[in-house]
Amino acid sequence: MTDRPLKIAIVVGEHSGDQLGFKLMQALRAQAGMPVVFKGTAGPAMTREGMESLFPLDDIAVMGFAAVIGRFPTIYRRAWQVIDAIVADPPDGLVIIDSPDFTHAVAKRVRRRLPHLPIINYVSPSVWAWRPGRAVSMRAYVDHVLALLPFEPEAYRRLNGPPCSYVGHPLMERLGELRPDAAEEAIRQGTQPVVLVLPGSRSSEVGLLTEDFGRTIELLSTRIGPFDAVLPTVSRHAERLRQATAGWAVKPRVITDSDEKYAAFRRARAALAASGTVTLELALAQVPMIGTYRFPAWEAFLARRLVKGRFFLLPNLILDRRAVPELFQEEVVPEHLADLMTGLLGDTDERQAQMQAFDEIDQRMQVVGETPSQRAARIVLETIAGKTK
């Protein structure tokens, strides 16, 4: 052991990566056996853990093709700022977290200039769904992939990618917040059910799905009678959604607080959701659901030609079967959604089949003896040690 601290660079491109990053920093400090110094890009959570970000994360945390094009000069300049900072003061290892369009661009150029630097990719890009050739190309600049989904290591073996280990999804550390207690279970089974309405977190999703979801809720109210609708969202969409839902037959309660969101998950009997991580949250909360996805027309045209996976909902991808109904584009019809939701709200075979599928997801996603962040930190340290011997 040397007298100097272990230096680890962490590069994140959006706030979801910041949440993974701060837990990884905590776990690395606990396991390293020496002081650890971090540098790179960080959001609020990683900043509170002691990393000084090279620039505000909001400079590069953009989603959507048009948004990226509009911010490209800034993103390009910030990428080179990160690359130059890492090369000027080489760390013992580099961890890139999610946001592959940004973080992989950084990793490729760092590898060219520091060919022996260990580079670990935390959160796999979706090589199993589209652009599978990325897996092979990643071998040139990634030494190990830390996967959040249990089927991803096999996908990397099949596609001849770099070594990949399943470390567990961070949601597995929050099961206590997702699972109901006895009183909440009584509400879940009560005569006036709680229905979650989740139209997505991106602006394009909210605009494309809200009208159909509103009509579905109206039809559902005529079929099952009174129920409580709750619409969790992010703060930036709250007022827009309150206005959009003001005329619904069952006006949903719009919430933005994360504690309120998980309380609603623990009480909900069923959910109508846009595709995304929220469908995995619902599965782990054991809330039967209908999953939907609608793109703008030109994006749907590209998706049908580029996306190779058989499913788009995370629960179905994990199980490799259609355990949860998933409706895409023109399939998102309120009458059909209302039919499916009616079945899930009753004591039906459809509801029971989803509950059994959720138990299987639990088993597949378990990480025994370590939390996901602890396992990720252990592999980061082993990769650094193995490459620097």
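Side chains included, hydrogens not; waters and symmetry mates left out as well; all remaining heavy atoms used.
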Test item: [X] side-chain N/O and [Y] main-chain N/O as donor-acceptor pair under 3.5 Å:
X    : Y    : result
R109 : A105 : yes
S53  : A42  : yes
R215 : E335 : no
D18  : M46  : yes
R375 : V167 : no

**Message:** Side chains of E239 and Q243: any donor to acceptor distance under 3.5 Å?
**Reply:**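 Yes, a side-chain donor-acceptor pair sits under 3.5 Å.
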**Prompt:** Do W248 and F213 have side-chain heavy atoms sitting under 4.5 Å apart?
**Reply:**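 When only atoms from C-beta onward are counted, F213 and W248 do touch, with a gap below 4.5 Å.
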Can [X] and [Y] be counted as an ion pair, charged N to O under 4.0 angstrom?
X    : Y    : value
R77  : D59  : no
D359 : R364 : no
E360 : R321 : yes

Verify the neighbour count for atom [atom1] of [X]: are there more than 12 heavy atoms of other residues, nucleotides or ligands below 6.0 Å?
X    : atom1 : value
D347 : CG    : no
D349 : CG    : no
E211 : CD    : no
E52  : CD    : no

**Message:** Show me the pairs that pass salt bridge (charged side-chain N to carboxylate O under 4.0 Å, His left out) and involve residues 265-291, at least two apart or across chains.
**Reply:**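 The answer is E184-R266, E184-R267, K261-E281.
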**Message:** With ring-ring contact (aromatic ring centres under 6.0 Å, His included) as the rule and sequence neighbours excluded, what pairs involving residues 21-49 come up?
**Reply:**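 Applying ring-ring contact (aromatic ring centres under 6.0 Å, His included) to every pair that reaches into residues 21-49, excluding sequence neighbours, yields nothing.
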**Request:** Take D92 and R4 through the test side-chain contact (heavy atoms from CB on, under 4.5 Å) and record every step on the way to the result.
**Result:** CA-CA 11 Å; D92 297 294; R4 71 169 182 82; 2.5 Å; yes
